[in-house]
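Here, residue 1 is the first one in the sequence, and each next residue gets the next number. Side chains are part of it too, since the values below use all heavy atoms of this structure and drop only hydrogens, waters and symmetry mates.
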Amino acid sequence: MIASNLEESFEIKVKFALLEDFEFYENVLIEIENGIIKKIEHENQGKFPSLILIPPLVNAHIHSGDSCFPDLGYNLTLEELVKPPEGLKHKMLEKIDKKILKESRIKWIKNLLEFGYSIIADFVEGGYKGVSEATEKFSDRYIILGRPSKDRIIEELEKMYSICDGLGIPDSFAYDKDEMKIIRDIFKDKPIHIHVSETKANHIKKDFWIALENLDPKAFVHCTHLNREEIKEIKNLNKFAILCPRSNLWFDVGFPDVLSFIKEEVNVAIGTDNIGWISPDLWKELEILILHLRKFSKEDYSKEIFKWATLNGYSLFNFKGGIIKEGYPADFIIIDNEKIELEKSHNKLVTLIKRMNVSLIYNIYINGKSIKIKYN
Ligand SMILES: [Zn+2]
């Protein structure tokens, strides 16, 4: 054992830790007291275990409902599969036993929380009924974004307000202007996330501007076809973009202008989207983003991309953390370095992103509490 958290203060020793400037330091000793990082020392003498300590990842956008029917409809288009209300997914969700759906959803989310995510945001379909019958707020790190049904929308939204952390709107055309005004009014102090310009067709219909004017969302999901002006607008308004690159590839809808998001310094977070079609593994998203960027620039943006998956996710959901820094919550994951070998690397963050997989996670700490310990 490298640490024991049975007592309220303890220390952890690791060979490598990614500290607040998102650089790796060697031979790091971290003191934790009452769930907070009290002291960090690095470049210590002596033998340190071959482990890597980094902040946990935030999966800012998933749909856990489709976890019940993975890889349904290989030949179908995005619209045929997931567009409400006619998409095959929605027909399946209507029919499925809500108890089975709830069990499947919670099992997935719990597994994910044990595999290196500290926060997960879920677009839960099916209105008040969908949220109340088919999920449960079992952790403050599980963010429920509900989707109001259009029948008796005021009553529906008022009921949803008490059980949802915010709303997850399918697109700018799912509701008319009056309905969007009601949605905004009732959820005025809770965040709205919305799929925007996932397809070219919706971008042509100016869905980004319609969403902005009518719903004032906190986060725009996908942004596959946004142009530089729109990307700049997200930055100017201090809102968030949530990119889901593997989902865009799977559904063959295009690929976001990642370099412009970096150049404009937009607050970007990352999501894996539909569990039914995309494995909820954010490490794969990080690798794809880095691979894709090399086509446009040989500059190293790995730090920016990694901040999207950590620091920005914490900030999007108003949690303190996402960095390893004194005075911050002791949230981190510890990874087995033996199959990664950072000591040999000339670019440690890039090496970690390309060689990491969740089976190498040795332990995860949230507020100084160990969630999972892998005994080798
Ligand atoms: Zn989505």
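- Ion pairing of Lys102 with Glu136 is present here, as a side-chain N (NZ or NE/NH1/NH2) and a carboxylate O approach within less than 4.0 Å.
- For an aromatic pair to be called close, the ring centres must be under 6.0 Å apart, and Phe220 with Phe240 fails this.
- Remark: Arg105 engages Asp122 in a salt bridge, criterion side-chain N to carboxylate O under 4.0 Å.
- Salt-bridge check for Glu326 with Lys38: failed, with every basic side-chain N at 4.0 Å or more from each acidic carboxylate O.
- The closest side-chain heavy-atom distance from Phe296 to Ile262 is not below 4.5 Å.
- In this structure, the side chain of Glu158 does not engage the main chain of Glu155 through any donor-acceptor pair within 3.5 Å.
- A salt bridge links Lys129 with Glu133: the distance from a Lys NZ or Arg NE/NH1/NH2 to an Asp or Glu carboxylate oxygen falls below 4.0 Å.
- Between Lys150 and Glu179 the shortest side-chain heavy-atom distance falls below 4.5 Å.
- For the pair Lys232 and Glu230, the salt-bridge criterion is not met [side-chain N within less than 4.0 Å of a carboxylate O].
- Hydrophobic clustering places Leu167 together with Leu212 (ILVMFWY residues linked when any side-chain heavy atoms are closer than 4.5 Å, directly or through intermediates).
- Between the side chains of Ser370 and Asn363, at least one donor N or O sits under 3.5 Å from an acceptor N or O.
- Atom CH2 of Trp108 sits about 7.0 Å away from atom OG of Ser67, to the nearest 0.5 Å.
- Look at Lys344 and Glu341 and you find a salt bridge, because one of the NZ, NE, NH1 or NH2 atoms lies within 4.0 Å of a carboxylate O, short of that distance.
- Separating the CD1 atom in Ile234 from the CD atom in Glu264 is a distance of 10.5 Å, to the nearest 0.5 Å.
- When the ring-ring contact (aromatic ring centres under 6.0 Å, His included) test is applied to Tyr161, the partners found at least two apart in sequence or on another chain are Phe187.
- In this structure, the side chains of Phe319 and Ile143 come closer than 4.5 Å at one or more pairs of heavy atoms.
- From Ile169, atom CD1 reaches atom CG of Leu145 across 9.5 Å, with rounding to the nearest 0.5 Å.
- Taking 4.0 Å as the cut-off between side-chain N and carboxylate O, Lys239 and Asp216 count as a salt-bridged pair.
- Between Tyr74 and Trp250, the ring planes lie perpendicular to each other; the angle is over 60°, past the 30° to 60° tilted range.
- Judged by a 6.0 Å distance limit and a 45° cone about the ring axis, Lys13 is positioned over the six-membered ring of Phe48.
- Looking at Lys303 and Asp21, no side-chain N of the basic residue comes within less than 4.0 Å of a carboxylate O on the acidic one, giving no salt bridge.
- Within a 6.0 Å sphere centred on NZ of Lys354, heavy atoms belonging to other residues, nucleotides or ligands number 12 at most.
- A salt bridge between Lys15 and Glu26 is present, with a side-chain N of the basic residue lying under 4.0 Å from a carboxylate O of the acidic one.
- Ion pairing of Glu125 with Lys89 is present here, as a side-chain N (NZ or NE/NH1/NH2) and a carboxylate O approach within less than 4.0 Å.
- At a cut-off of 3.5 Å, with distance as the only test, a side-chain donor of His222 or Asn248 sits close to an acceptor on the other residue.
- Contact check for Ile192 versus Arg184: side-chain heavy atoms found under the 4.5 Å cut-off.
- Among residues two or more places apart in sequence or in another chain, the side-chain hydrogen bond (donor to acceptor under 3.5 Å, both in side chains) test is passed with Asn337 by Ser50, Glu343.
- Annotation: side chain of Thr199 is not in contact with side chain of Phe251 (no heavy-atom distance under 4.5 Å).
- With rounding to the nearest 0.5 Å, the separation of CG in Leu360 from CG in Asp336 is 6.0 Å.
- Listed by first and then second residue, the ring-ring contact (aromatic ring centres under 6.0 Å, His included) pairs that reach into residues 117-157 are His61-Phe123, His63-Phe123, Phe123-His195, Phe138-Tyr142, sequence neighbours excluded.
- Looking at Asp66, its side chain does come within 3.5 Å of a backbone N or O of Ile275 through a donor-acceptor pair.
- No side-chain donor from either of Tyr175 and Lys181 sits under 3.5 Å from a side-chain acceptor of the other.
- A cation-pi arrangement is present between Lys320 and Tyr328 under the rule of less than 6.0 angstrom and at most 45 degrees off the ring axis.
- Of the possible polar contacts, one joining the Asp300 side chain to the Ser302 backbone as a donor-acceptor pair under 3.5 Å is found.
- Between Lys235 and Glu265, the closest side-chain pair of non-hydrogen atoms falls below 4.5 Å.
- Considering only heavy atoms from C-beta on, Val196 stays 4.5 Å or farther from Asp171 through its side chain.
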